[in-house]
Structure formats: structure tokens, C-alpha cells
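Residue numbers run from 1 in the order of the sequence given. Keep in mind that what you see is a predicted model, and the values were worked out from it rather than measured.
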Amino acid sequence: MNQDTICAIATAQGGAIGCIRVSGPEAIEITSRIFIPAATNKKLENGKPYTLTFGRIYDGPEIIDEVLVSLFRAPHSYTGENSTEITCHGSAYILQKVLQLLIKSGCRMAAPGEYTQRAFLNGKMDLSQAEAVADLIASSSAATHRLAMSQMRGGFSKELTALRDQLLHFTSLIELELDFSDHEELEFADRSELCQLANNIEKVIARLVNSFSVGNAIKNGVPVAIVGETNAGKSTLLNVLLNEEKAIVSDIHGTTRDIIEDTVNIGGITFRFIDTAGIRETNDTIESIGIERTFQKLDQAEIVLWIIDATDAQTQVTQLAGQLLPRCERKQLILVYNKADLVDNIQNSIPNNFPDNVKSIILSAKNREHIEELQQMLITSAHLPTVTQNDVIVTNVRHYEALNNALESIHRVQKGLANNISGDFVSQDIRECIFHLSDIAGEVTNDMILQNIFQHFCIGK
């Protein structure tokens with residue numbers, strides 16, 4: 001695959017400027033077939049790396065555009081290959097025409113993520129850094145940007161490399177003992193030192209595994225379930241929080257029958273709001289399925305907004321408390337007394353027998369009253385730490401699974417050392433831990449996993 005020279009548009013459509021990336025063994029030669037420098041004494045093939053050359057793209061005698069060509073020579077480029085970047089005007093016609101000329105001259109279209117895949121295969125970055133490129137492109141908040149930058153700069157990889165090197169050192173000593181098994185008195189690996197190392201590594205891996213809940217919330221949004229009885233104003237509140245008409249609002253009970261989800265950034269934190277079907281007794285089969293899904297989403301949420309109709313607060317709390325409170329014991333529960341504009345003395349109708357950790361707010365979603373206070377309450381309830389580019393937090397499900405497997409392996413090492421089992425069994429468990437840590441960096445990853453990772457990248461990256 002790396003013998004092909006590839007090309008693709010690397011910029012979004014609609015801008016004033018467009019960029020086409022060319023990478024591969026013949027990148028410079030193919031580009032020079034359609035590009036003539038403005039300075040007649042210059043040739044692109046003879047150009048110095050990291051230079052810009054002004055000239056024109058030709059299709060036979062016809063001028064297609066005046067462009068700038070950036071030149072990179074292997075191995076000092078993003079992909080590690082000879083590369084050019086053609087910067088032209090952003091016209092869709094011009095960009096497509098230049099692509100056609102490049103393909104006609106010997107290029108092929110790049111597959112999604114192929115530039116970054118080549119960078120990985122050519123040793124310009126490890127797999128976790130390559131995956132961070134996609135996260136960086138998709139970052140939608142300061143926190144997701146910082147996490148992606150930390151991973152792309154190798155912060156995660158350095159921590160894993162240090163763990164792996166320590167494990168390799170000790171497993172080599174244990175295996176050296178096995179080579180001298182005839183001399184039982186020889187012990188190259190100090191068991192007490194290995195126990196201490198295993199304990200330290202277990203703590204680090206456990207910390208990384210536990211960081212996934214925070215990393216997943218930062219990357220995909222803090223899940224917030226909006227629950228309550230029918231017609232309490234759940235969909236109205238969702239529309240106000242999203243600032244768009246996402247859900248159908250009606251006076252008819254049971255309008256929302258399926259789950260509606262969307263994300264919004266509030267105070268630098270991404271929240272994933274989940275509007276659910278109203279909870280009530282019903283004989284409607286479809287509505288019953290929606291209510292069942294409500295409880296499934298409630299279990300997955302970290303924050304629960306229980307929307308209560310303030311005009312009938314006591315009745316609704318009495319009817320649903322038994323179903324909702326047990327499911328919210330380990331979650332941040334916020335009671336939202338809606339329709340405050342319809343009640344004169346609302347404080348008199350609000351129950352006050354909830355635990356101290358349950359927050360409450362009175363508002364009118366229809367009139368957008370006290371929405372800012374609710375937003376601030378959500379930010380406080382998210383409990384997300386301030387993230388810097390030096391923090392190592394796991395956000396990738398593949399990494400999370402590999403770390404969990406590594407954690408199981410190191411637990412077996414600890415157990416084996418405590419029970420004084422044979423060194424060959426301990427060595428096998430250590431090597432399994434090394435394998436799972438190496439899988440994150442891509443040192444042992446198979447082609448199927450690579451294909452699955454890079455096919456989700458955008459074309460041109």
C-alpha cells in the first residue's frame with residue numbers, strides 16, 4: 001500500500017482556500033507534471049524541503065489556477081514519505097480538477113485516515129497518538145482539546161512505555177533464572193522487589209482505568225437523563241437547554257415515546273441530554289417500551305433531572321418516588337419544579353423530605369425563567385476536574401479494554417508472587433500484561449484492528 005502515491009482534499013468545503021495533500025514515493029514527481037513554477041529557472045524536483053513555490057497548475061495549455069506548493073522530503077514529513085501540499089483557491093471545481101489531474105498523472109485517491117495510518121506505519125507516531133489525531137479534529141471543547149493534545153504529544157505513551165520497560169526488565173531476570181534451573185540457589189530477580197514493582201504498576205494501571213469515567217464524560221458529554229411524569233414539561237425543558245425545537249411539545253399525554261438525545265456545551269462542559277418517555281401506567285404497547293427505555297437511560301445517566309409539575313407537585317412526588325429514588329442513590333439528582341408561573345405560593349406545595357444531597361430548583365421552562373441557575377447547577381453537579389495538557393486521562397474504549405486486561409494480568413502476578421508459584425507462570429502473566437500495554441501503542445495490533453481504527457478518520461487526514 002505504501003508504494004502507492006495518494007492524494008486527497010485536506011480542507012473543508014466552502015472556504016476561500018483549499019489544500020490538496022499528495023504523499024508517496026512519487027509525490028514530488030507527479031506534482032511537477034501538472035505544476036510549473038513562476039520562476040523559469042526553478043524545478044520542483046530540485047526544490048529544498050520546507051519551501052513554498054509559487055506557480056500554476058496546467059491541464060495541457062489551459063491554466064487551472066495559480067497555487068502555492070509546499071515541499072516535504074522523506075522522512076521529515078507528516079507521513080514520513082515524500083509529500084507536497086497544493087494550496088489553491090477554494091472553488092469546488094478547481095479542487096476537483098486538480099485531483100483529476102493528479103490521478104491522471106499517477107496518484108490514487110487516499111482512503112479515510114490513510115495519511116495518519118502511513119505516519120503510524122512509518123514510525124512517525126504510535127497508535128495511541130494516531131488515534132488522538134481524530135480526537136483532536138473532533139474536539140468541541142477546551143477539555144477535549146487538551147486531552148487530545150496530551151495524547152498526541154505522547155503523554156499517555158510515555159507512561160505506558162515506562163511500565164512496560166520495568167516489566168520487561170523483571171521478566172527477563174525471571175526467565176534467566178529458568179535457564180539456570182539446575183542451580184536452585186540462583187535468584188536473579190528479587191521477589192520482594194518484584195512484589196513492590198507489581199503493586200506500583202497495579203496502582204498506575206488502576207488509576208488509568210478509573211480515569212475513563214471522567215475521560216468518557218469529557219469526550220462524549222456528561223449524560224443527563226430528563227425524567228418525570230407525562231406532560232411535566234420534559235420536552236419543553238430539553239428544547240430550552242438545547243436552544244432549538246428538538247422535541248415535539250404537546251398538551252397530549254405520552255407524546256414522547258422514544259428516547260431523544262443531543263449534546264450542548266455549557267460553561268465549557270459538554271452535556272448529553274436524554275429526553276425520555278413520561279412515566280405513567282399505560283396499556284399502549286409502544287409507550288410501554290418507551291417507559292422501559294426511560295429506566296435503562298436513567299441507569300446510564302450521571303445526573304438526573306426529575307421534572308415535576310409544580311401545579312401537582314405532592315402527588316407526582318408520591319407516585320414516582322418509589323421508582324426513581326432507589327435508582328438515583330449514586331447519581332446527582334436534581335428536582336426541577338416546572339410551571340412555576342402557574343402557581344402562586346409554590347413553596348407551600350413543595351415536599352421537603354428529600355435527602356440533603358438532592359438539589360432542587362423552581363423554574364418555568366416555557367417562560368425561560370431561572371434556566372441560567374439550572375445550567376450553573378448542572379456545571380457544579382458534573383464534578384469534572386480541570387484538565388491540563390499534562391494530564392493522562394483515558395478517553396478511548398479500546399485503550400480502556402486493553403488496560404482492564406492488563407490490570408487482570410498484573411493481579412495474577414501479585415497473586416502468584418504471594419503464593420510463591422513457579423517463575424515460569426509468573427513470567428507468563430507478566431508477558432500478558434506487557435502484551436496488553438503494547439496493544440495500546442500498536443506494537444502488537446493486528447491488521448483488522450488497524451483497519452477499523454483508521455476507516456473512521458476523515459479523508460485527507
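At least one donor-acceptor pair under 3.5 Å links the side chain of Ser139 to the backbone N or O of Leu136. Between the side chain of Thr87 and the backbone N or O of Cys19 there is no donor-acceptor pair closer than 3.5 Å. Formation of a donor-acceptor pair under 3.5 Å by the Ser409 side chain with backbone atoms of Asn405 is found in this model. In this structure, Ser83 contributes its side chain and Thr79 its backbone to no donor-acceptor pair below 3.5 Å. A donor-acceptor pair under 3.5 Å is formed between the side chain of Gln166 and the backbone N or O of Ala162. Of the possible polar contacts, none joining the Asp65 side chain to the Val67 backbone as a donor-acceptor pair under 3.5 Å is found. A donor-acceptor pair is defined here as one N or O able to donate and one able to accept, closer than 3.5 Å; no such pair exists between the side chain of Thr116 and the backbone of Gly113.
Judged as a salt bridge (charged side-chain N to carboxylate O under 4.0 Å, His left out), and not counting sequence neighbours, Glu401 has no contacts. The ring-ring contact (aromatic ring centres under 6.0 Å, His included) search around Tyr115 returns none, not counting sequence neighbours. Residues passing the side chain to side chain donor-acceptor pair (under 3.5 Å) test with Gln129, sequence neighbours excluded: none. Here Glu373 pairs with Ile361, His370 under the side-chain contact (heavy atoms from CB on, under 4.5 Å) rule; sequence neighbours left out. Here Cys328 pairs with Leu298, Val304, Leu333 under the side-chain contact (heavy atoms from CB on, under 4.5 Å) rule; sequence neighbours left out. In this view, Asp429 and Arg412 satisfy the salt bridge (charged side-chain N to carboxylate O under 4.0 Å, His left out) rule, not counting sequence neighbours. Contacts of Asn396 classified as side-chain contact (heavy atoms from CB on, under 4.5 Å), with partners at least two apart in sequence or in another chain: Glu131, Arg398, His399. Arg73 pairs by the side-chain contact (heavy atoms from CB on, under 4.5 Å) definition with Ile28, Pro49, Leu71, Asn82, not counting sequence neighbours. Partners of Glu85 according to the salt bridge (charged side-chain N to carboxylate O under 4.0 Å, His left out) rule, which considers only residues two or more places apart in sequence or in another chain, are Arg21.
Between Asp439 and Leu127, the shortest heavy-atom distance links the atoms O-CD2, 4.5 Å. Between Phe273 and Leu238, the shortest heavy-atom distance links the atoms CB-CD1, 3.6 Å. The two atoms that bring Trp306 and Gly228 nearest to each other are CD1-CA, 4.0 Å, heavy atoms only.
With 3.5 Å as the limit, one finds a donor-acceptor pair spanning the side chains of Ser157 and Ser128.
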Using atom types as modelled, flag every donor-acceptor pair under 3.5 Å from a side chain in residues 209-221 to any protein atom, sequence neighbours excluded.
{"unit_1": "Asn210", "atom_1": "ND2", "unit_2": "Ala206", "atom_2": "O", "d": "3.1"}
{"unit_1": "Ser211", "atom_1": "OG", "unit_2": "Leu208", "atom_2": "O", "d": "2.6"}
{"unit_1": "Ser211", "atom_1": "OG", "unit_2": "Val394", "atom_2": "N", "d": "3.1"}
{"unit_1": "Ser213", "atom_1": "OG", "unit_2": "Asn210", "atom_2": "O", "d": "3.2"}
{"unit_1": "Asn216", "atom_1": "OD1", "unit_2": "Asn220", "atom_2": "ND2", "d": "2.5"}
{"unit_1": "Lys219", "atom_1": "NZ", "unit_2": "Asp135", "atom_2": "OD1", "d": "3.2"}

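When side chains are defined from C-beta on, Thr144 does not count as touching Thr270, because their heavy atoms never get closer than 4.5 Å. Between Thr53 and Leu44 the shortest side-chain heavy-atom distance falls below 4.5 Å.
A salt bridge links Glu114 with Arg108: the closest approach of a Lys/Arg side-chain nitrogen to an acidic carboxylate oxygen falls below 4.0 angstrom. The pair Arg207-Glu159 counts as a salt bridge, with a side-chain nitrogen and a carboxylate oxygen less than 4.0 angstrom apart.
The 12-atom threshold is not exceeded at CZ of Phe425, counting heavy atoms of other residues, nucleotides or ligands nearer than 6.0 Å. Within a 6.0 Å radius of CG in Asn420, other residues, nucleotides and ligands contribute 12 heavy atoms or fewer. Counting heavy-atom neighbours within 6.0 Å of His89 NE2, excluding the residue itself, gives a total of 12 or less.
Partner of Ile57 under the side chain to side chain contact (heavy atoms under 4.5 Å, CB included) criterion, chosen from Ile94, Ile36, Ile64, Thr31: Ile64. The side-chain hydrogen bond (donor to acceptor under 3.5 Å, both in side chains) test with Ser381 is passed by exactly one of Lys331, Lys359, Gln376: Lys359. Each of Val98, Leu102, Val69, Leu99 was evaluated against Val22; a single residue qualifies, Leu102, per the side chain to side chain contact (heavy atoms under 4.5 Å, CB included) test.
For residues 96-106, the set of pairs meeting the side-chain hydrogen bond (donor to acceptor under 3.5 Å, both in side chains) definition, not counting sequence neighbours, comprises Asp59-Lys97. Listed by first then second residue, pairs satisfying salt bridge (Lys or Arg N to Asp or Glu O under 4.0 Å) with a partner in residues 29-47 read Glu26-Arg33, not counting sequence neighbours.
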